[in-house]
Amino acid sequence: MLGDSTRGVRFQLEYAKAQEGMKAAHIRSTIVVFGSARVSENAPGNRGRWYKEARDFGYIASRRGGALNEDGGGRFNVIATGGGPGIMEAANRGAAEAGAPTIGFNITLPHEQYPNPYTTPSLTFRFHYFAMRKMHLAMHSAALVVFPGGFGTLDELFEIITLRQTGKMSFCPIVLMDKAYWTRIINFEALAEEGFIKAEDLTLFDFAETAEECWSILERKGLTAPSE
C-alpha cells in the first residue's frame, strides 16, 4: 500500500474520507481561515491582537453565516482551518464557542503538528498529501480570510488568488487581515506595474482590520447565509 503503484489509491482514500465526513455533517460550504501557527492568545502586541480577531471572526461567521443551521438544509460557511495552533486554533475556537461545527484539515509533518483542541472531532482530518489537503480547502470554500503568516500562509493565499484570477473559482471573496502587514511584505502594486498581473487583479482581495469589518466586506462581496 505504500508503493508508487498505489499512490493513486492513497489519494482517493484521502479524498473520500474527508468528503464523506463533510457530507455526514451536512456541510455545504466553508470559510477558510489561514494565518501563522506562531501566535498565541497571550502574546504581546500584534500577535495577541491577531489571535483575538481570528477568534472573534470564527464566532461572528459561525453565528451569522449559516453554520448553525439544523433544519436539514445544510450548514453553510462553516469555519475551516489547517487545524493547527495559532490563528487556526483561534478561528476554530471562536466557531466552537458559537456552538457550531468547525473543521481542521491537518497535515502530517516531520515536526508533528497536532490538531488544536477546538476542531470538531468528526471533522478533524489528517492528510499525508499537501495536494489533497489543498483541494479540500479550496473546493468547499465560499470565502478566504488570511491573517499574517509565513510561507504556508502565503502558499494558501496565492493558491486561492490564482484560482480566482484564472476563473477556476467563480466566487470566493478574499480578505487579508491587517493591511500594514501585507503591504509591508508584498508589493502587490509592483506586480501590476511590471505587467505580470492586470490592474483589475488587485480587486481580487480586500483588506480589513477587525473581525466585524471582515464580515461586512464578505457580505458586501456577496457572501450569503442561506437558511435552507
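Start at 1 with the first residue, then count along the sequence.
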By ring-ring contact (aromatic ring centres under 6.0 Å, His included) - contacts of F158 (at least two apart): none
At what distance, to the nearest 0.5 angstrom, does CZ of R164 lie from OG of S170? 8.0 Å
Do any pairs count as a ring-ring contact (aromatic ring centres under 6.0 Å, His included) and have a residue in residues 168-204, sequence neighbours left out, and if so which ones? W50-Y181, F188-F205
4.5 Å side-chain heavy-atom contact, L154 and I185: yes
Of R47, R93, K52, the residue whose pairing with E41 passes side-chain hydrogen bond (donor to acceptor under 3.5 Å, both in side chains): R93
What do the steps show when you test E212 against R64 for salt bridge (charged side-chain N to carboxylate O under 4.0 Å, His left out), and what is the final call? CA-CA 11 Å; E212 281 286 357; R64 304 178 191 173; 2.8 Å; yes
Is V78 linked to Y59 within one hydrophobic cluster, defined over Ile, Leu, Val, Met, Phe, Trp and Tyr using a side-chain heavy-atom separation of less than 4.5 Å? no
Mind checking whether W215 and L68 sit in one hydrophobic cluster, side chains of I, L, V, M, F, W, Y counted as touching below 4.5 Å? no
What distance do T119 atom OG1 and M88 atom CE have between them, rounded to the nearest 0.5 Å? 11.0 Å
Less than 3.5 Å apart, any donor N or O on the side chain of T102 or N92 sitting next to an acceptor on the other? yes
Taking side chain to side chain contact (heavy atoms under 4.5 Å, CB included) as the definition, give me every residue that meets it alongside A211, ordered by chain and number, with sequence neighbours left out. E53, D56, F57, I60
Side-chain heavy atoms nearer than 4.5 Å, only ILVMFWY residues, links allowed to pass through others: does that put L218 and L157 together? yes
Quick check: do Q165 and I197 have side-chain heavy atoms less than 4.5 Å from each other? yes
Hydrophobic clustering (ILVMFWY, side-chain heavy atoms < 4.5 Å, transitive) - are V39 and Y118 grouped together? no
Between Y51 and E89, is any side-chain donor less than 3.5 angstrom from a side-chain acceptor? yes
Any chance the rings of F125 and H136 have centres within less than 6.0 Å? no
F34 side, atom CZ; L144 side, atom CG - distance, nearest 0.5 Å: 8.0 Å
